[in-house]
Enquirer: 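Attaching a single structure in structure tokens format; questions to follow.
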Amino acid sequence: MTKGKTFIISGPSGVGKSTVLHALLERRKELYFSVSATTRPRRAGEEDGVHYHFLDVDTFREWIAKDEFLEYAEYVGNFYGTPKRFVDEAMDQGRDVILDIEVQGANQVTGKRPETVTIFIAPPSWTELERRLTERGTDSAEKIQKRLLRAKVEFQTAHTYDYFVINDTVENAVGELEAILTAEHCKPQERMEIINGNN
Ligand code: ADP
Ligand code: 5GP
């Protein structure tokens with residue numbers, strides 16, 4: 001069995017990462033979405049253990065001390081981190097893993113695991129990003145401005161990613177993500193291993 005691959009999805013807050021990933025996971029049931037830990041307050045509709053593991057700061061620090069995280073970072077006043085164990089278990093079962101993480105975390109993961117595939121998701125325009133953040137209605141005007149500022153800084157690093165997807169429509173963005181997943185499994189080394197394993 002071929003080991004699964006890890007795919008990082010980064011992009012500005014409000015660009016539609018959760019929306020697009022939800023649609024992708026509906027189509028590709030075999031994918032494993034890594035549920036992050038965070039110290040940020042839960043939004044309406046978010047479930048503990050499904051959208052995030054919601055932790056207080058002391059517990060988050062305990063997880064750091066116990067080396068539970070593949071990566072972690074501070075983002076707009078809160079901590080976010082990827083629990084390592086579940087990612088490794090899923091990959092060992094041959095499942096591809098999706099991490100929805102910001103740029104600092106992405107750099108930590110690629111530093112440790114250079115084979116990780118990185119994908120940046122961008123909005124069709126800054127005006128549209130602000131509209132989506134406002135329309136989502138989960139953040140104060142002040143938080144939205146902080147997230148927009150952060151988005152412009154993160155955008156400067158987008159050229160370092162392996163792929164760049166524009167979320168104009170969810171349908172287009174999901175189609176491109178599926179194409180990337182497929183292409184990444186058409187690399188000679190993996191395909192040759194399959195043929196050799198069949199003999
Ligand atoms: P993120 O996870 O990147 O912070 P969300 O998935 O929460 O973003 O999406 C932010 C808002 O934008 C939501 O209200 C969502 O319904 C909307 N949205 C997502 N993708 C699109 C799209 N392609 N076109 C229009 N609105 C979108
Ligand atoms: P939000 O608060 O909107 O859910 O997420 C804010 C930012 O944190 C997003 O850019 C998201 O990708 C990022 N994020 C979510 N989970 C993690 C994580 O485990 N690690 C890191 N580094 N970033 C994360």
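Whatever order the structure lists them in is the order used to number ligands and atoms, beginning at 1.
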Enquirer: Taking 4.0 Å as the limit for heavy-atom contacts, which would you say applies to Y80 with ligand 2: side chain only, backbone only, both, or neither?
Expert: both

Enquirer: Which residue and atom name correspond to the protein heavy atom nearest atom 10 (O) of ligand 2, and how close is it?
Expert: E102 CB, 3.6 Å

Enquirer: Answer side chain, backbone, both or neither: which part of D100 comes under 4.0 Å from ligand 1, heavy atoms only.
Expert: neither

Enquirer: At less than 4.0 angstrom from any non-hydrogen atom of G105, what atoms of ligand 2 do you find?
Expert: 22 (N)

Enquirer: For ligand 1, which atoms, with element, lie under 4.0 Å from some heavy atom of S13?
Expert: 4 (O)

Enquirer: Going by the order shown, which atoms of ligand 2 are within less than 4.0 Å of some heavy atom of S36?
Expert: 16 (N), 17 (C), 18 (C), 19 (O)

Enquirer: Which atoms of ligand 2 have any heavy atom of R40 under 4.0 Å away?
Expert: 1 (P), 2 (O), 4 (O)

Enquirer: If you measure every N/O of E128 against every N/O of ligand 1, is any gap under 3.5 Å?
Expert: no

Enquirer: Provide, to 0.1 Å, the distance between atom 8 (O) of ligand 1 and the closest protein heavy atom, together with that atom's residue and name.
Expert: G16 N, 3.1 Å

Enquirer: Does the distance from a Lys or Arg side-chain N to an Asp or Glu carboxylate O, for K3 and E115, drop under 4.0 Å?
Expert: no

Enquirer: Name the closest protein heavy atom to atom 6 (C) of ligand 2, giving the residue it belongs to and the distance to 0.1 Å.
Expert: Y75 CE2, 3.5 Å

Enquirer: K17 side chain to G11 main-chain N or O, any donor-acceptor pair under 3.5 Å?
Expert: yes

Enquirer: Would you kindly specify which portion of Y72 sits under 4.0 Å from ligand 2, judged on non-hydrogen atoms: side chain, backbone, both or neither?
Expert: neither

Enquirer: Please say whether more than 12 non-hydrogen atoms of neighbouring residues, nucleotides or ligands are located less than 6.0 Å from NE2 in H185.
Expert: yes

Enquirer: Under 4.0 Å from a heavy atom of D168: give me the atoms of ligand 1 that qualify, with their elements.
Expert: 22 (C), 23 (N), 24 (N)

Enquirer: Name the one of D100, I9, L99 that satisfies side-chain contact (heavy atoms from CB on, under 4.5 Å) with F33?
Expert: D100

Enquirer: Using a strict 4.0 Å cut-off to heavy atoms of A73, name the atoms of ligand 2 that fall inside it.
Expert: 22 (N)

Enquirer: Heavy-atom count check: over 12 atoms from other residues, nucleotides or ligands less than 6.0 Å from F60 CZ?
Expert: yes

Enquirer: Kindly say whether V15 contributes a backbone atom to a donor-acceptor pair with the side chain of N167 at under 3.5 angstrom?
Expert: yes

Enquirer: Just jot down the ligand 2 atoms closer than 4.0 angstrom to any heavy atom of R147, in number order.
Expert: 1 (P), 2 (O), 3 (O), 6 (C)

Enquirer: Taking D162's backbone N and O only, do any of them form a donor-acceptor pair with T118's side chain (distance below 3.5 Å, no angle check)?
Expert: yes

Enquirer: Check E128 with R131, please: is the shortest side-chain N to carboxylate O separation under 4.0 Å?
Expert: yes

Enquirer: Which heavy atom in K84 sits nearest to a heavy atom in L70, and how many Å separate them?
Expert: CB-N, 3.8 Å

Enquirer: Do T38 and F79 come close enough that some side-chain heavy atom pair is under 4.5 Å?
Expert: no

Enquirer: So is K17 close enough to ligand 2, meaning a heavy atom under 4.0 angstrom away?
Expert: yes

Enquirer: Which ligand 1 atoms, with their elements, are less than 4.0 angstrom from a heavy-atom of P12?
Expert: 3 (O)

Enquirer: Using a heavy-atom cut-off of under 4.0 Å, does the side chain or the backbone of T169 touch ligand 1, or both, or neither?
Expert: backbone

Enquirer: In the protein, which heavy atom is nearest to atom 10 (C) of ligand 1, and how far is it?
Expert: G14 O, 3.4 Å

Enquirer: So which of R147, R132, H22 gets nearest to atom 24 (N) of ligand 1, if we judge by its closest heavy atom?
Expert: R132

Enquirer: Within the distance-only criterion (no hydrogens, no angle test), does the side chain of S34 pair as donor or acceptor with the backbone N or O of V87 below 3.5 angstrom?
Expert: no

Enquirer: Counting only heavy atoms not in R61, do more than 12 fall under 6.0 Å of its CZ?
Expert: no

Enquirer: Under 4.0 Å from a heavy atom of R136: which atoms of ligand 1 are those, numbered in the order shown and with their elements?
Expert: 1 (P), 4 (O), 5 (P), 7 (O), 8 (O), 10 (C), 14 (O)

Enquirer: At less than 4.0 angstrom from any non-hydrogen atom of G81, what atoms of ligand 2 do you find?
Expert: 18 (C), 19 (O), 20 (N)

Enquirer: Would you please say whether a donor-acceptor pair under 3.5 Å links the side chains of Y163 and E184?
Expert: yes

Enquirer: Report yes or no: does E71 contribute a side-chain atom to a donor-acceptor pair with the main-chain N or O of T82 at less than 3.5 Å?
Expert: yes

Enquirer: Which residue supplies the protein heavy atom nearest to atom 20 (N) of ligand 1, what is that atom called, and how far is it?
Expert: N167 ND2, 3.1 Å

Enquirer: Polar-atom distance check: R136 versus ligand 2, any N or O pair below 3.5 Å?
Expert: no

Enquirer: Report the nearest protein non-hydrogen atom to atom 4 (O) of ligand 2: residue, atom name, distance rounded to 0.1 Å.
Expert: Y52 OH, 2.6 Å

Enquirer: So do the side chains of D96 and E30 get within less than 4.5 Å of each other, counting heavy atoms only?
Expert: no

Enquirer: With atom 14 (N) of ligand 2 as the reference point, say which of T38, D100, I9, L70 has the nearest heavy atom.
Expert: D100

Enquirer: Could you point out which residue of T6, I8, L21 forms a side-chain contact (heavy atoms from CB on, under 4.5 Å) with I98?
Expert: L21

Enquirer: In ligand 2, which numbered atoms sit nearer than 4.0 Å to a non-hydrogen atom of E71?
Expert: 18 (C), 19 (O), 20 (N), 21 (C), 22 (N)

Enquirer: For atom 6 (O) of ligand 1, what's the nearest protein heavy atom and its distance?
Expert: T19 OG1, 2.6 Å

Enquirer: Any ion pair linking E171 and R27 (charged N to carboxylate O, less than 4.0 Å)?
Expert: yes

Enquirer: Is there a heavy atom in R43 that sits closer than 4.0 Å to ligand 2?
Expert: yes

Enquirer: By number and element, which atoms of ligand 1 are closer than 4.0 Å to a non-hydrogen atom of K17?
Expert: 1 (P), 2 (O), 3 (O), 4 (O), 6 (O), 8 (O)

Enquirer: Counting each atom of ligand 2 from 1 as listed, which ones have a heavy atom of T82 under 4.0 Å away?
Expert: 19 (O)

Enquirer: With a 4.0 Å cut-off on N to O distance, would you call R40 and D139 a salt bridge?
Expert: no

Enquirer: Considering only non-hydrogen protein atoms, determine which one is nearest to atom 2 (O) of ligand 1 and report residue, atom name and distance to 0.1 Å.
Expert: S18 OG, 2.7 Å

